[in-house]
Amino acid sequence: MFNTFATCSNVLFGIVILYFQIFNRSSAGARQALTVSLVRDKRRGFAVSLNSASMQFPRSIGPYVTGALIEANSFEMPFFMAAFLQATYLILYKKVFKGFNFPEE
């Protein structure tokens, strides 16, 4: 019974990853265009390179961190790290944009 469940969950996981990758890759051009449209002409090169670096750095360091966590048998650490990073993002977002007035319709 366990082998059937494991095989079924692996197939389901593969479908979910395929779905995620299709939509992640297909929106890359729109994200790049948004980045370019948000900055002035003389800063576009810097904005594009910063955007590219912010996307590529996690992809390059991710396998190293994953291997180190698996070797240390620390399977719960990625969840704690994700929670910490999400909380940091929310705090910084509120601090940075607290003085920004959103348009009212």
Side-chain angles (χ1 to χ4, degrees):
M1 177 171 160
F2 179 73
N3 289 336
T4 305
F5 175 73
T7 303
C8 182
S9 64
N10 286 342
V11 170
L12 182 62
F13 180 70
I15 291 170
V16 169
I17 290 295
L18 181 64
Y19 180 79
F20 173 74
Q21 288 298 324
I22 287 170
F23 286 102
N24 188 28
R25 305 279 179 188
S26 65
S27 66
R31 288 185 304 222
Q32 186 80 9
L34 177 65
T35 301
V36 169
S37 69
L38 291 175
V39 296
R40 288 173 274 185
D41 289 340
K42 69 179 189 176
R43 302 294 287 176
R44 282 195 179 149
F46 178 71
V48 169
S49 62
L50 186 63
N51 184 27
S52 179
S54 70
M55 295 296 281
Q56 294 301 326
F57 180 71
R59 289 179 185 162
S60 64
I61 198 75
Y64 172 76
V65 172
T66 302
L69 291 173
I70 288 174
E71 186 176 333
N73 287 329
S74 180
F75 295 111
E76 69 279 348
M77 186 57 73
F79 297 103
F80 292 130
M81 290 169 61
F84 172 76
L85 291 173
Q86 185 67 34
T88 304
Y89 169 77
L90 291 173
I91 291 167
L92 289 176
Y93 186 87
K94 187 171 182 169
K95 283 185 178 185
V96 169
F97 291 109
K98 76 177 176 184
F100 185 75
N101 294 325
F102 293 103
E104 296 179 16
E105 295 181 40

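Note that the coordinates shown come from a computational prediction; the quantities given were computed from them, not determined experimentally.
With hydrophobic clusters built from ILVMFWY side chains whose heavy atoms lie under 4.5 angstrom apart, Leu90 shares a cluster with Phe97. Hydrophobic cluster membership is shared by Ile61 and Leu69, with clusters built from Ile, Leu, Val, Met, Phe, Trp and Tyr side chains linked at under 4.5 angstrom. Val65 and Phe79 are not part of a single hydrophobic cluster, where members link through side-chain heavy atoms under 4.5 Å apart.
With rounding to the nearest 0.5 Å, the separation of CD1 in Ile70 from OG1 in Thr66 is 6.0 Å. Considering CG of Leu12 and CD1 of Ile17, their distance stands at 10.5 Å, rounded to 0.5 Å.
Across Pro58 and Ala53, no two heavy atoms sit closer than the pair CD-O, 4.3 Å.
Screening residues 68-89 for side chain to side chain donor-acceptor pair (under 3.5 Å), with sequence neighbours left out, gives no hits. Listed by first and then second residue, the side chain to side chain donor-acceptor pair (under 3.5 Å) pairs involving residues 48-65 are Gln32-Asn51, Thr35-Asn51 (not counting sequence neighbours).
More than 12 heavy-atom neighbours from other residues, nucleotides or ligands sit within 6.0 angstrom of CZ on Phe75.
Under the rule for a side-chain hydrogen bond (donor to acceptor under 3.5 Å, both in side chains), the partners of Arg44 that lie at least two apart in sequence or sit in another chain are Asp41.
For Phe23 and Tyr19, the ring centers are positioned less than 6.0 Å apart.
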